[in-house]
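Labels below follow one simple rule: chain letters A, B, ... track the order of the sequence lines, proteins then strands, and each chain is numbered from 1. As the structure is a prediction and not an experimental result, all values here were calculated from the model. Heavy atoms only: backbone and side chains are in, while hydrogens, waters and symmetry mates are out.
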Protein chains: 2
Amino acid sequence: MESLNSKIIRPTLLLDKAKCISNIENMIAKAQRANARLRPHFKTHQSAQIGDWFKERGVEAIAVSSMVMAQYFADNGWKDITVAIPVNLREIELINELASKIQLNLVLESREAIAYLESELEHPVGIFIKVDTGYQRSGIPAEAIGSLRLLVDLMKETEKLNCKGFLAHTGHNYKADDHEQIHKNHSKTLLDLNELKDVFRKDITGLEVSLGDTPACSISEEFYGIDEIRPGNFVFYDIMQYVLGACDESQIAVAMACPVIAKNIDRNELVIHGGGVHFSKEYLEADDEGTKLFGSIVRIAENGWSEILGGGFLASLSQEHGIIRCSDALFDEFTIGDLIGVLPVHSCLTTNLMRKLMTTEGEWITTMNS
Amino acid sequence: MESLNSKIIRPTLLLDKAKCISNIENMIAKAQRANARLRPHFKTHQSAQIGDWFKERGVEAIAVSSMVMAQYFADNGWKDITVAIPVNLREIELINELASKIQLNLVLESREAIAYLESELEHPVGIFIKVDTGYQRSGIPAEAIGSLRLLVDLMKETEKLNCKGFLAHTGHNYKADDHEQIHKNHSKTLLDLNELKDVFRKDITGLEVSLGDTPACSISEEFYGIDEIRPGNFVFYDIMQYVLGACDESQIAVAMACPVIAKNIDRNELVIHGGGVHFSKEYLEADDEGTKLFGSIVRIAENGWSEILGGGFLASLSQEHGIIRCSDALFDEFTIGDLIGVLPVHSCLTTNLMRKLMTTEGEWITTMNS
């Protein structure tokens, strides 16, 4: 069999399918234990093929981050889709098209959105009110019961807005210092959503609450009162999740394979073909001096990749170049023309840029942008 | 005529063609004054249509940042292309294909690359040796005459490697504090390249030296001894160039138009549909406290956009959301469903992600990734 090494010509996003399937099955099992629906967020992989691996295991409902992504997955057979971002009212035409075909759920947080949708919708949609449990990106603060009640009451008077409940995203977990902080943030979200269930139980028939972030869904076993979890990144994981302790190194299911195009012996640096247009410019701070880390280094093996190699990291990115800062040993190991592997900091953004993946068996997986 | 506002449904990269053409014509005029060939770097726009605007004005030679981009522009009629990144030896098949059709110039900095190419090339190619004049990304230090001579001498013995000269990129100009620093960096590159011309004049017939970065090519009028300039970003410019003083605000030829999807009155924040998958995660530091700026705010007008609005900036990005931090006045000006304009920090990465542009006349411009 032709080895991976000989198939890779330029920066290539490798996918270890076995790790990915295992990540999917672990999260399905976790949702079952929590007695919650798993509505995986498909913004990470954006791939109908990978979506099928969920479908084959019984998953029927998904979340996406744009209407265009909803359209792609609807075209690929998904019938229950939540667009988990405050609705973009300018997309009313596509909203109406999809609402005529599938169970489409939208997210909103304003009277303006309710009024516009009630006026322009041609078919019923499910609505989740976005609540903010501490992330401070979007949503009405979970404590602002009066503001929430206003929206709930407004929707009672509509014909096509079927208010289903509340949706939160504990996004501040991505900035957490440790597990304790993640548990604390998560507990706050649990408390908030359960409080909202109590308060609005009589107002909303079949009221559901939904939360979703990969750190808490990976680390916690506590989801009391939660009807639905919406993690996304867990399908691949990445160095950010690894540093947060949300996954083991062995669970990271994607790695970039990049050709070494130059070496600088004075600075112990390997130059790779692989830059901001491949990885994205997402980084982690590697130390207190603000050293940036854009990825961790692995060796590309016959059918996958090694553990993380000490003594080197992806230290800077320009549009097409990457610079790997190395120990002497690592520097000497690689020659111009060799492949080197990099575990990305943020697999969602890297996959979005790469637009297709090669499995470690050498097969191409397409995405909505392929 | 239908206004821009009514045509824009989701995050859209607007192009002001008149500004873009003016940027192109200014740089052509600058190269003529400097008596240097303009070999514009097409990695910024990646568009055959925009490439034609150069061709119509007499430009015949271009630079690109990958072999795939070289292939795209060769397919679109360009006959003289420099791939301005150390050659990725794994792409030998595509190199041979293009070298059979066009004047293909490669960049290298190692004996390994010379040996491999001489063994595998089927057609002659031009070679530029990458020299480092202070950027410390790739290239042989311009002072390391011995190392450079080794490569020049090695190429004399090859049949298919036609050594044409030296290529430098003053990339550290992007990190410059002020014009003085840019002039200083640029002067060092000029001195280095002229020194190399003197040293190697007898070794390389028709020796050429090439430099290229938008800051120096925009600010300086001094290019003595330089045969070729390769700026790229100037075609659009962006907030990074504006902050460097490489362009006026009125020269920035692209703006993102993003729908407002939520408002938070407690924090004076507008939430837009427009995130890391649209802008890239490139940022500037807005102050000494490390406040990040991902873009500057403008008003979308009937056929273009306004000057930069004070009192607001794009302060954070997640995958699909952006947060604009506002003054009271700016906050009150925008309603959910409105469009807001954002001048991107780095137009190359934004264009790469957006993959197509809409002119302010409402026509779509495609790129190699459309």
Side-chain angles (χ1 to χ4, degrees), chain A residues 8-10 43 65-69 85-91 93-94 108-110 112-113 116 130 132 136-141 171 174 259-264 266-267 269 271 273 275-277 280-283 290 316 318-321 323 335-337 339 346 348-349 352-353 355 369, chain B residues 8-10 43-44 65-69 85-91 93-94 108-110 112-113 116 130 132 136-141 171 174 259 261-264 266-267 269 271 273 275-277 280-283 290 316 318-321 323 335-337 339 346 348-349 352-353 355 369:
Chain A
I8 295 170
I9 293 171
R10 49 186 68 93
K43 71 173 182 171
S65 56
S66 70
M67 280 306 303
V68 172
M69 207 183 291
I85 178 170
V87 55
N88 172 7
L89 301 177
R90 290 178 170 256
E91 296 192 287
E93 206 172 308
L94 182 51
L108 57 73
E109 56 180 272
S110 70
E112 291 91 332
Y116 184 86
K130 183 73 186 289
D132 183 4
Q136 303 205 330
R137 180 177 65 179
S138 63
I140 293 174
Y174 288 81
V260 175
I261 55 173
K263 295 180 70 172
N264 184 290
D266 295 332
R267 295 188 298 272
E269 288 175 354
V271 183
H273 187 200
V277 297
S280 90
K281 286 248 178 168
E282 192 92 86
Y283 64 88
S316 77
S318 42
Q319 184 160 345
E320 300 256 1
H321 303 66
I323 302 287
T335 308
I336 289 169
L339 288 181
H346 191 168
C348 309
L349 295 186
N352 177 70
L353 278 160
R355 301 194 278 138
N369 295 314
Chain B
I8 296 170
I9 294 171
R10 49 187 68 92
K43 70 175 182 169
T44 303
S65 57
S66 71
M67 280 306 302
V68 172
M69 206 183 292
I85 179 171
V87 56
N88 171 8
L89 301 177
R90 290 179 169 254
E91 296 192 286
E93 207 171 306
L94 182 51
L108 58 73
E109 56 180 88
S110 70
E112 291 91 333
Y116 184 86
K130 182 74 187 286
D132 183 4
Q136 302 206 330
R137 181 176 67 178
S138 63
I140 293 176
Y174 288 82
I261 55 173
K263 295 181 69 172
N264 185 290
D266 295 333
R267 294 189 298 274
E269 287 176 354
V271 184
H273 187 201
V277 298
S280 92
K281 287 249 180 167
E282 193 91 86
Y283 64 89
S316 78
S318 43
Q319 185 161 345
E320 300 255 2
H321 304 64
I323 303 287
T335 308
I336 289 169
L339 287 181
H346 190 166
C348 308
L349 295 185
N352 177 69
L353 277 160
R355 303 194 276 139
N369 294 314

Exercise. From B:I261 CD1 over to A:E109 CD, what is the distance, rounded to the nearest 0.5 angstrom?
Worked result: 8.0 Å
Exercise. Counting N and O atoms only, with roles assigned by atom type, does the side chain of A:N88 sit under 3.5 Å from a partner on the main chain of B:P259, one being a donor and the other an acceptor?
Worked result: no
Exercise. Judged by atom type as modelled, is there a donor-acceptor pair below 3.5 Å linking the side chain of A:R90 to the main-chain atoms of B:G337?
Worked result: yes
Exercise. Side chains of B:R10 and A:S66: is there a donor and an acceptor less than 3.5 Å apart?
Worked result: no
Please identify, among [options], the residue contributing the most non-hydrogen atom pairs under 4.5 Å to chain A.
| options | value |
| --- | --- |
| B:V68, B:V277, B:V271 | B:V277 |
| B:I336, B:D132, B:N352, B:I85 | B:I85 |
| B:L108, B:L89, B:I8, B:T335 | B:I8 |

What residue in [options] has the most heavy-atom pairs under 4.5 Å with chain B?
| options | answer |
| --- | --- |
| A:K281, A:E282, A:Q319, A:H321 | A:H321 |
| A:G290, A:S316, A:A262, A:S65 | A:S65 |
| A:M67, A:E91, A:E112 | A:E91 |

Is there side-chain contact between [X] and [Y], with heavy atoms separated by less than 4.5 Å?
| X | Y | answer |
| --- | --- | --- |
| B:N264 | A:I140 | no |
| A:S318 | B:R137 | yes |
| B:E269 | A:S138 | no |

Select one option (side chain, backbone, both, neither) describing which atoms of [X] are under 4.5 Å from chain A's heavy atoms.
| X | answer |
| --- | --- |
| B:I323 | side chain |
| B:E93 | neither |
| B:Y283 | side chain |
| B:L94 | side chain |

Exercise. Does a side-chain N-to-carboxylate-O contact under 4.0 Å join A:K43 and B:E320?
Worked result: no
Problem set entry | Side chain, backbone, both or neither of A:L349 within contact of chain B (heavy atoms, under 4.5 Å) | side chain
Problem set entry | Residue list, ring-ring contact (aromatic ring centres under 6.0 Å, His included) with B:H346, at least two apart or on another chain | none
